4 protein chains.
Amino acid sequence: MTDPKAPDSKTPDSTRRSDRSRRAIYDAALALVGELGYPRTTIEGIAARAGVGKQTIYRWWPSKAAVLLEAFMDLAEQAAAGEAEIPDTGDLEADLKLVLRATVDEMNSPGYDAPARALAAEGVVDPVLGAQFVEKLLEPQLQLYVKRLRSAQDADDVRPDIDLRIALELFVGPLTHRWLLRTLPLTHGYADALVDYALYGLTARR
Amino acid sequence: MTDPKAPDSKTPDSTRRSDRSRRAIYDAALALVGELGYPRTTIEGIAARAGVGKQTIYRWWPSKAAVLLEAFMDLAEQAAAGEAEIPDTGDLEADLKLVLRATVDEMNSPGYDAPARALAAEGVVDPVLGAQFVEKLLEPQLQLYVKRLRSAQDADDVRPDIDLRIALELFVGPLTHRWLLRTLPLTHGYADALVDYALYGLTARR
Amino acid sequence: MTDPKAPDSKTPDSTRRSDRSRRAIYDAALALVGELGYPRTTIEGIAARAGVGKQTIYRWWPSKAAVLLEAFMDLAEQAAAGEAEIPDTGDLEADLKLVLRATVDEMNSPGYDAPARALAAEGVVDPVLGAQFVEKLLEPQLQLYVKRLRSAQDADDVRPDIDLRIALELFVGPLTHRWLLRTLPLTHGYADALVDYALYGLTARR
Amino acid sequence: MTDPKAPDSKTPDSTRRSDRSRRAIYDAALALVGELGYPRTTIEGIAARAGVGKQTIYRWWPSKAAVLLEAFMDLAEQAAAGEAEIPDTGDLEADLKLVLRATVDEMNSPGYDAPARALAAEGVVDPVLGAQFVEKLLEPQLQLYVKRLRSAQDADDVRPDIDLRIALELFVGPLTHRWLLRTLPLTHGYADALVDYALYGLTARR
DNA sequence: TAGTAACCGAGACGGTACGTCCCGTCTTCTG
DNA sequence: CAGAAGACGGGACGTACCGTCTCGGTTACTA
């Protein structure tokens with residue numbers, strides 16, 4: 001019944017959006033989360049730091065977490081570029097160790113750690129944000145593992161009855177566990193051990 | 001030269017603490033987190049629900065999260081009692097599946113999920129609280145796995161070169177991953193698969 | 001080198017001030033002081049009664065007393081209008097008795113007594129507020145006496161060597177004394193006696 | 001009907017009262033009012049400074065103001081001793097100027113000003129305390145004026161129709177007015193002028 | 001080329017919760 | 001049993017942000 005041309009009175013016109021402000025907000029958000037931590041980062045603070053009115057934030061994002069999510073995605077996009085693949089040298093063990101070591105390094109780097117941790121924590125508690133976090137950031141990463149493992153399965157390096165979506169969690173799950181909960185240090189050795197244990201099993205071969 | 005026995009002038013005298021208030025605060029905190037979720041639970045709200053002055057909370061706990069942590073520990077203590085063991089029937093696979101299925105059930109039960117999730121999220125972002133969470137709640141659980149795995153190692157069911165502290169994370173890590181990040185449903189089947197994959201490895205036997 | 005026009009970064013922009021809120025705060029403050037007395041009137045209470053955020057009060061006034069002072073000044077302004085003069089019929093004694101009796105009536109009226117007493121008491125203890133109270137409310141009143149007395153001096157009804165600023169205190173001082181300290185009742189007879197004694201002296205004429 | 005020997009359960013046994021504590025409380029109260037001002041002086045602060053439990057204060061006094069009133073009376077008692085008289089040299093004018101100048105000096109001395117001002121302010125707002133203040137501290141002083149003026153009246157230095165209770169307020173009222181409201185400086189010259197004006201009147205003698 | 005509609009920086013507003021300070025009461029232990 | 005000590009339920013403080021709401025000002029499409 002509503003005139004389809006009439007835009008929803010609450011939807012702003014994104015063609016007129018200020019790109020300069022958007023980027024300034026991303027920068028301010030990431031900087032503040034890095035400096036103050038997520039809980040002490042406020043929307044007012046982001047606006048002030050970005051030299052932007054509060055309304056400009058509220059116009060385009062529903063929450064502080066959403067701002068950070070986008071800012072982080074923007075960051076990831078730039079960093080990603082062409083490397084969005086797990087190498088496939090034919091040696092599954094080596095390829096996995098390589099990528100897991102890289103992940104460990106990323107998790108240990110402050111520029112990544114602070115915002116990613118904040119987002120993950122928020123997603124843990126807020127299902128809507130959590131779903132976005134998974135869909136936009138996590139799942140694409142996980143699909144890379146599926147792809148590489150499928151290749152290994154095709155090459156008969158992984159048993160054919162293995163559910164690859166579960167298999168990848170043997171690598172990613174423990175890593176994330178140590179990262180988020182800080183139980184023990186995240187090292188290359190740990191990454192290697194994970195690959196070994198998961199690929200070859202814990203049991204004595206009989 | 002300060003009398004080492006002299007307590008910090010700002011430390012309250014715990015021998016005079018009101019037990020009635022402490023319990024009322026635990027109850028109120030858990031109830032409110034269950035009803036409203038963690039972020040909408042406030043210290044003021046807990047105090048009001050518990051029929052307690054705010055200062056009584058601030059006197060004994062440094063933060064909302066700390067209250068919840070203690071409340072949750074108190075809850076766990078009551079629930080724990082004698083069952084704090086992983087069964088050891090000699091069949092490692094079966095024992096692990098049993099305990100992992102139980103863990104899955106726990107994670108799927110709302111009474112546990114809400115406060116545990118809130119605590120975990122808070123711990124992700126606040127290192128001090130995180131350390132307490134791990135030390136008081138998580139690590140004791142993990143040590144049960146170490147114990148059971150050591151028994152298996154002694155029985156030659158697990159290879160002798162395996163680091164058990166890492167091994168356990170092959171089970172617990174993926175479970176926690178799905179629970180916290182809600183990537184996919186947490187089922188008994190998933191728990192079983194985890195045990196199978198971790199024990200016997202992903203690779204084709206050669 | 002700082003731009004002298006640049007307002008203090010913490011000074012709010014008074015052109016954007018809400019007049020509706022200001023008046024509501026005046027009304028609430030006066031009403032509450034009347035109903036509960038000054039010490040039991042709280043800023044929180046004023047805000048609630050006025051349907052206003054607390055910050056709106058703190059933004060514009062430094063203290064509860066300052067709110068009441070302004071509210072009272074606003075009240076006085078409305079009440080004042082054209083009557084801000086001591087009559088000058090040529091009969092000093094009669095004119096002074098008239099105005100002093102009016103003052104007595106005012107001091108005995110509850111609507112004036114409660115807030116004025118509260119302000120005076122606060123001014124007694126807080127020099128800054130006291131100075132404002134005197135400057136904004138009291139001194140203008142006192143100057144009316146100076147004016148009337150000067151007219152009398154010109155007419156040779158008052159000795160030329162009399163310091164009029166001191167003279168007026170012979171009338172106003174005792175009145176205020178009885179009002180504030182409640183030593184004895186404030187009556188028209190008292191006002192008349194004050195005028196008689198001050199004008200003609202206590203001594204036996206020789 | 002109540003056993004007349006049984007003391008009211010709320011009335012403490014004053015024979016067992018600690019004099020040491022009482023004096024310490026007086027000292028602490030006066031010191032704190034001098035240092036912090038009355039509003040920032042708290043019962044907890046007095047107790048801490050006096051090395052006394054809060055209950056010891058609440059047992060013996062109904063309010064902060066009551067403590068200060070007693071402390072001030074105690075102070076006045078010590079200071080008073082034998083000088084509790086207005087001199088009567090036969091020269092009323094000289095005698096009044098002497099005592100008024102002394103009063104001015106007292107009002108200008110910080111040790112007297114702070115607590116007296118605080119008490120007066122509290123009395124302005126709290127009728128019960130005000131009544132005590134007047135009865136215990138002010139009225140005895142005022143009666144000294146009545147006595148001296150009666151002597152003057154007997155000596156025919158003051159007209160016989162003068163109401164002395166009113167007359168004294170011509171001196172005390174303006175002094176108190178300047179002291180409490182800080183309109184203008186309190187000087188010996190002011191005291192002298194007051195005596196002159198009040199005794200001989202403002203009008204031109206005809 | 002003027003008009004006008006939207007975004008923009010700015011920040012006042014009604015609110016909620018914060019963490020702190022005291023209040024006056026109650027309880028425990030000491031001299 | 002008075003007194004020192006201080007925990008308690010409670011209430012207000014003054015502050016920090018929330019999300020909404022004007023307010024000029026500056027673009028950037030429309031008439």
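Keep in mind that the numbers below use all heavy atoms, side chains included, and drop hydrogens, waters and symmetry copies. Per chain, numbering begins at 1; letters A, B, ... match sequence-line order. Since we're looking at a predicted model, the values are computed, not measured.
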So, does [X] get its side chain near the phosphate of [N], meaning an N or O under 4.0 Å from OP1 or OP2?
{"X": "Trp60(D)", "N": "dA2(F)", "value": "no"}
{"X": "Ser21(A)", "N": "dG9(E)", "value": "yes"}
{"X": "Ser18(A)", "N": "dC7(E)", "value": "no"}

Looking at side-chain heavy atoms only, is the closest gap between [X] and [Y] below 4.5 Å?
{"X": "Glu70(B)", "Y": "Ile25(B)", "result": "no"}
{"X": "Ile57(B)", "Y": "Lys54(B)", "result": "no"}
{"X": "Tyr58(A)", "Y": "Ile43(A)", "result": "yes"}
{"X": "Tyr38(D)", "Y": "Lys64(D)", "result": "yes"}

In this structure, how many angstroms lie between the [atom2] atom of [N] and the [atom1] atom of [X], rounded?
{"X": "Lys64(C)", "N": "dC13(F)", "atom1": "NZ", "atom2": "C1'", "answer": "11 Å"}
{"X": "Arg17(C)", "N": "dC23(F)", "atom1": "CZ", "atom2": "P", "answer": "17 Å"}
{"X": "Leu36(C)", "N": "dA12(F)", "atom1": "CG", "atom2": "P", "answer": "10 Å"}
{"X": "Glu44(C)", "N": "dT16(E)", "atom1": "CD", "atom2": "P", "answer": "11 Å"}
{"X": "Ile43(D)", "N": "dA5(F)", "atom1": "CD1", "atom2": "P", "answer": "17 Å"}
{"X": "Arg22(D)", "N": "dG3(F)", "atom1": "CZ", "atom2": "C1'", "answer": "15 Å"}
{"X": "Asp19(C)", "N": "dG14(E)", "atom1": "CG", "atom2": "C1'", "answer": "17 Å"}
{"X": "Ile46(C)", "N": "dG14(F)", "atom1": "CD1", "atom2": "C1'", "answer": "14 Å"}

Tell me if the side-chain of [X] makes a donor-acceptor pair with the base of [N], cut-off 3.5 Å, by modelled atom types.
{"X": "Arg16(A)", "N": "dA6(E)", "value": "yes"}
{"X": "Gln55(D)", "N": "dC26(E)", "value": "yes"}
{"X": "Lys54(D)", "N": "dG24(E)", "value": "yes"}

Could you tell me whether [X] contacts a base, only the sugar-phosphate backbone, or nothing, with contacts defined as non-hydrogen atoms closer than 4.0 Å?
{"X": "Gly45(D)", "value": "nothing"}
{"X": "Trp61(D)", "value": "nothing"}
{"X": "Arg59(C)", "value": "base"}

For this session: Check every atom of dC13(F), dG9(F), dC7(E) against the side chain of Tyr58(C) and return the nucleotide holding the closest atom.
Result: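 It is dC13(F).
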
For this session: Test the Arg22(C)-Trp60(C) pair against the cation-pi criterion, namely NZ or CZ under 6.0 angstrom from the six-membered ring centroid and within 45° of the ring axis.
Result: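 No cation-pi geometry.
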
Exercise. For DNA chain F, whose closest nucleotide is more 5', that of Thr41(C) or that of Ser14(B)?
Worked result: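 Residue closer to the 5' terminus by nearest nucleotide: Ser14(B).
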
